[in-house]
Amino acid sequence: MDSTVLQSTFLLTLLLSVGLFFFIRASTKDRTEVMRLVSEQDENTLMSSLKEYFRSRAYRVLAIDAAKNQVTFEGFVSPSWFLAVFLSVLAAVGLGCLALVLSLLFPNFGQIFLLLVLLSPLSGLLYWKKSGRLEKVSLKMENIPSGQNFSSTITVTAHRDELAELQRALQLKTLDI
């Protein structure tokens with residue numbers, strides 16, 4: 001095979017490997033967001049619904065600040081087996097491609113490069129170690145008048161997946177600022 005073709009293939013494979021590395025690293029990134037949600041329920045009814053929701057999702061009350069009308073919940077978020085295996089398979093494919101190109105570029109060391117594939121379970125292990133962590137959810141309640149009835153506004157600081165699930169489960173609307 002032409003040397004230029006091999007070198008350009010190596011460069012492209014190396015760039016794809018860098019992208020794969022950053023994809024695997026991003027799988028453990030903290031995705032905490034702040035969102036303001038609105039409910040037509042009064043503050044007491046909504047707070048009891050929120051406590052029940054978080055209790056059912058294995059969160060516990062960590063702190064209550066009555067002066068600020070704020071509650072903090074804490075719960076352990078376990079990593080996903082599927083994602084750990086998926087990341088390991090992606091790493092195996094990526095490292096296999098890199099090993100194949102390296103073995104074509106350096107035929108004298110061809111078999112040694114295939115040992116790179118043995119590093120692929122490290123990506124699943126990295127994900128598993130960094131994704132299993134304690135998550136905190138902070139809620140700040142406010143009553144705002146809307147017409148004749150009161151609606152409650154909640155400022156929630158949590159992981160974006162938790163925010164989406166909370167919004168779906170309790171039929172909360174996003175407050176347009």
Only distances under 3.5 Å count here; give the side-chain donor-acceptor pairs of residues 102-117 to other protein atoms, sequence neighbours excluded, each with its distance to 0.1 Å.
from: S103; atom 1: OG; to: A99; atom 2: O; distance (Å): 3.3
from: S103; atom 1: OG; to: L100; atom 2: O; distance (Å): 2.7

Below 4.5 Å, heavy atoms only, C-beta onward: do [X] and [Y] meet side chain to side chain?
| X | Y | value |
| --- | --- | --- |
| F54 | V71 | no |
| V77 | L134 | no |
| F73 | K51 | yes |

Do you know the tightest heavy-atom contact between [X] and [Y]?
| X | Y | result |
| --- | --- | --- |
| S131 | S27 | OG-O, 3.9 Å |
| L126 | T28 | O-CG2, 4.1 Å |
| K173 | Q167 | C-NE2, 4.1 Å |

Going by the side chain to side chain contact (heavy atoms under 4.5 Å, CB included) test, name the single residue among L46, V38, T153 that passes it with L172.
->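 Only one of L46, V38, T153 forms a side chain to side chain contact (heavy atoms under 4.5 Å, CB included) with L172, namely L46.
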Can you tell me how far [atom2] of [Y] sits from [atom1] of [X], rounded to the nearest 0.5 angstrom?
| X | Y | atom1 | atom2 | answer |
| --- | --- | --- | --- | --- |
| L6 | T13 | CG | OG1 | 10.0 Å |
| R31 | R160 | CZ | CZ | 4.5 Å |
| L163 | L37 | CG | CG | 7.0 Å |
| D161 | L166 | CG | CG | 12.5 Å |
| E52 | L170 | CD | CG | 10.5 Å |
| S123 | L87 | OG | CG | 5.5 Å |

Contacts of type side-chain hydrogen bond (donor to acceptor under 3.5 Å, both in side chains), residue R25, not counting sequence neighbours |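 side-chain hydrogen bond (donor to acceptor under 3.5 Å, both in side chains) list for R25, sorted by chain: empty.
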Any residue meeting side-chain hydrogen bond (donor to acceptor under 3.5 Å, both in side chains) with E33, in chain and number order, not counting sequence neighbours |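 Scan of E33 (side-chain hydrogen bond (donor to acceptor under 3.5 Å, both in side chains), adjacent residues dropped) gives none.
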Is a side-chain N or O of N69 found less than 3.5 angstrom from the main chain of M141, in a donor-acceptor match?
->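 Judged by distance alone, yes, a pair lies under 3.5 Å.
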Common cluster, L83/L20, ILVMFWY with side-chain heavy-atom separation under 4.5 Å =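 Yes: a chain of side-chain contacts under 4.5 Å links L83 to L20.
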Co-membership, hydrophobic cluster, residues L62 and Y59, 4.5 Å side-chain =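 No, no single cluster joins them.
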Please name all residues satisfying side-chain contact (heavy atoms from CB on, under 4.5 Å) with T32, sequence neighbours left out, ordered by chain then number.
->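 Residues passing side-chain contact (heavy atoms from CB on, under 4.5 Å) with T32: D30, T157.
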What pairs with K68 under side-chain contact (heavy atoms from CB on, under 4.5 Å), at least two apart in sequence or on another chain?
->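 Applying side-chain contact (heavy atoms from CB on, under 4.5 Å) to K68 gives D65, Q70.
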Which pairs, with at least one residue in [range] and sequence neighbours excluded, count as a salt bridge (Lys or Arg N to Asp or Glu O under 4.0 Å)?
| range | answer |
| --- | --- |
| residues 115-138 | R133-E135 |
| residues 100-124 | none |
| residues 105-127 | none |

Hey, could you give me each pair passing side chain to side chain donor-acceptor pair (under 3.5 Å) that has a residue in residues 71-87? Not counting sequence neighbours.
->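 Counting only pairs at least two positions apart or across chains, the side chain to side chain donor-acceptor pair (under 3.5 Å) contacts touching residues 71-87 are R60-E74.
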Between V34 and V156, does a side chain to side chain contact (heavy atoms under 4.5 Å, CB included) hold up when you go through it step by step?
-> CA-CA 6 Å; V34 177; V156 185; over 6 Å; no
Could you tell me whether F23 atom CZ has more than 12 heavy atoms of other residues or ligands within 6.0 Å of it?
->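 Count not over threshold, so no.
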Pair R57-Y53, side-chain donor/acceptor within less than 3.5 Å |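 There is such a pair (donor and acceptor under 3.5 Å, judged by atom type) between the side chains of R57 and Y53.
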Distance-only criterion, 3.5 Å: show the donor-acceptor pairs between side-chain atoms of residues 88-97 and protein atoms not counting sequence neighbours.
from: S88; atom 1: OG; to: A84; atom 2: O; distance (Å): 3.0
from: S88; atom 1: OG; to: G124; atom 2: N; distance (Å): 3.4

With clusters built from Ile, Leu, Val, Met, Phe, Trp and Tyr whose side-chain heavy atoms come within less than 4.5 Å, directly or transitively, what are the remaining members of the cluster of V18, listed by chain and number?
->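 Result for V18 is F21, F22.
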Mind checking what makes ring-ring contact (aromatic ring centres under 6.0 Å, His included) contact with Y127, not counting sequence neighbours?
->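 Partners of Y127 under the ring-ring contact (aromatic ring centres under 6.0 Å, His included) test: none.
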